[in-house]
Amino acid sequence: MHLSSIAFTIALIALPVHAGETAWQEVAPGVKLRLISTGQIKPDGTTLVGVEIDMPENTKTYWRVPGDTGLPTELSFSPEHGVVGHKVIWPYPKRQQTPDYLDYVYFGPTVLPVEITVDGTSPVAEVEALLGVCSDVCVPAQAKFSLSLSDLSPDRANGLRIRQAAAMAPIEWTGDVDPFGTVELRLADKMLAVELTNPNVDPASLIAATTSGDPVFGAPQKSPEPNLVLIPIMGKGDHAGLKGESVQLTFKTDLGAFEVERQIAQ
């Protein structure tokens with residue numbers, strides 16, 4: 001399933017139809033997008049908005065590291081209307097693996113929360129969104145939104161959807177026992193060997209990713225060695241350059257999803 005360059009959908013700017021949301025825009029057959037807001041700007045100048053995606057359960061879009069075939073999601077906020085910064089809060093994804101590819105995805109109705117920082121008395125979220133949408137056919141879908149963020153009353157329904165999605169995002173690990181020890185590169189086996197030091201970590205949930213997203217790392221495997229998880233390095237080529245590079249490890253425990261950063265041993 002590769003993205004089709006001829007199936008590119010560009011939607012017009014949608015005007016707000018409610019204090020905390022824009023109108024829906026159809027970006028692919030059966031797939032709609034809109035921008036929603038909590039309607040609350042905190043004293044520190046931050047607020048939460050979300051790109052809400054209404055799509056069938058068998059249709060997917062992609063995590064911040066899309067994998068082998070996915071298109072990275074891009075959100076571009078105009079700085080001309082009081083939005084001075086933004087950070088996407090990525091919910092923990094599903095791993096979709098076939099004999100041909102591995103992707104990290106979201107299926108069905110999805111909200112991508114975004115924390116934005118505003119300045120001034122009348123901020124407006126002017127945003128262009130580009131994301132991959134896949135069912136039987138994959139298309140890059142594009143939409144533009146405009147949503148006033150000033151003089152809003154709290155939007156409880158949209159705020160709940162945004163906060164529920166944000167609650168599924170990995171947070172920084174602050175536990176007393178480190179989840180992982182050494183991360184070793186085993187070039188001969190094309191593997192990362194991750195030392196597991198906390199029994200509360202679900203090894204099957206482990207996702208490894210570099211900052212660039214390249215190379216793609218596969219699903220974790222059990223090792224015959226105790227307290228060790230093996231993560232395949234996908235794709236061809238010499239991966240010796242990974243030595244010394246930082247890798248983000250995303251994982252789950254009974255308390256939710258977390259992430260830590262480790263340096264691959266030299």
Going by heavy atoms in the side chains, are Lys222 and Pro203 under 4.5 Å from each other?
no
Applying side chain to side chain contact (heavy atoms under 4.5 Å, CB included), run through Arg64 and Tyr104 and close with a yes or a no.
CA-CA 8 Å; Arg64 63 175 183 83; Tyr104 295 101; over 6 Å; no
Closest non-hydrogen contact found for Gln40 with Thr47 is O-OG1, 2.5 Å
Quick one: does Ser37's side chain get under 4.5 Å of Leu149's, heavy atoms only?
yes
Interatomic spacing from CD1 in Ile231 to NZ in Lys190 - rounded to 0.5 Å:
15.0 Å
When rounded to the nearest 0.5 Å, the distance separating CD of Glu261 from CD of Gln248 is 6.5 Å
Atom NZ of Lys60 and atom CZ of Phe107: how far apart are they, to the nearest 0.5 Å?
5.5 Å
Could you tell me if the side chain of Pro215 sits less than 4.5 Å from the side chain of Met234, heavy atoms only?
no
Side chain of Thr182, backbone of Glu184: donor and acceptor closer than 3.5 Å?
no
Checking Asn158 side chain against Gly20 main chain: does a donor-acceptor pair fall under 3.5 Å?
yes
Within the structure provided, determine whether Ser135 and Val31 are in side-chain contact (heavy-atom separation under 4.5 Å).
no
Show the nearest heavy-atom pair for residues Arg95 and Ala204, with the distance to one decimal.
NH1-O, 3.4 Å
Test item: Tyr106 side-chain N/O and Pro91 main-chain N/O as donor-acceptor pair under 3.5 Å:
yes
Linking I/L/V/M/F/W/Y whenever their side-chain heavy atoms sit closer than 4.5 Å, directly or via other members, would Phe251 and Leu230 fall into one cluster?
no
Are the side chain of Thr197 and the backbone N or O of Pro179 linked by a donor-acceptor pair below 3.5 Å?
yes
After noting the C-alpha distance and the side-chain angles of Asp44 and Thr46, does the key distance pass the side chain to side chain donor-acceptor pair (under 3.5 Å) rule?
CA-CA 6 Å; Asp44 64 358; Thr46 61; 2.7 Å; yes
Hydrophobic cluster membership, Ile233 vs Val229, 4.5 Å side-chain cutoff
yes
Contact between Thr210 and Phe217 at the side-chain level, heavy atoms closer than 4.5 Å - yes or no?
yes
With a 4.5 Å limit on heavy-atom distance, are the side chains of Val201 and Leu206 in contact?
no
Keeping the roles fixed (side chain from Asp54, backbone from Lys32), state whether a donor-acceptor pair exists under 3.5 Å.
no
Ser146 and Thr22: which non-hydrogen atoms are nearest, and at how many Å?
O-CG2, 3.7 Å
How far apart are the C-alpha atoms of Arg262 and Leu192, what are their side-chain angles, what is the distance that settles it, and do they pass the side chain to side chain contact (heavy atoms under 4.5 Å, CB included) test?
CA-CA 12 Å; Arg262 293 288 185 269; Leu192 289 183; over 6 Å; no
Quick one: pull up CG in Leu185 and CD in Glu245 and give me the separation to the nearest 0.5 Å.
10.0 Å
With the side chain counted from C-beta on, respond yes when Tyr92 and Met168 share a heavy-atom pair under 4.5 Å apart, and no when they do not.
no
Quick check: is Leu48 connected to Leu147 through a chain of hydrophobic side chains (ILVMFWY, heavy atoms under 4.5 Å apart)?
no
Quick check against the 3.5 Å criterion: does Thr110 have a side-chain atom that pairs as donor or acceptor with the backbone of Gly108?
yes
Between Ala143 and Leu33 the two heavy atoms that sit nearest each other are CB-CD1, 4.1 Å
Check this for me: does any side-chain nitrogen of one of Arg34 and Glu52 sit under 4.0 Å from a carboxylate oxygen of the other?
yes
I need the minimum non-hydrogen distance between Leu131 and Leu71, along with the two atoms involved.
C-CD2, 3.9 Å
Interatomic distance, Phe180 atom CZ to Leu228 atom CG [nearest 0.5 angstrom]:
11.5 Å
Determine the minimum heavy-atom distance between Arg186 and Ala193, stating which atoms define it.
NE-CB, 3.5 Å
Please check this pair: side chain of Glu128 against backbone of Lys144, looking for a donor-acceptor N/O pair closer than 3.5 Å.
no
Aromatic plane relationship, His86 with Phe77 - under 30° parallel, 30 to 60° tilted, over 60° perpendicular:
tilted
Validation row: Ile36, Asp155 side chains within 4.5 angstrom (heavy atoms)
no
Given the rule that I, L, V, M, F, W and Y join up when any side-chain heavy atoms are under 4.5 Å apart, are Leu112 and Ile89 in one cluster?
no
Can you tell me how far the CG atom of Leu130 sits from the CD atom of Glu74, to the nearest 0.5 Å?
5.0 Å
Checking Asp103 side chain against Asp68 main chain: does a donor-acceptor pair fall under 3.5 Å?
yes
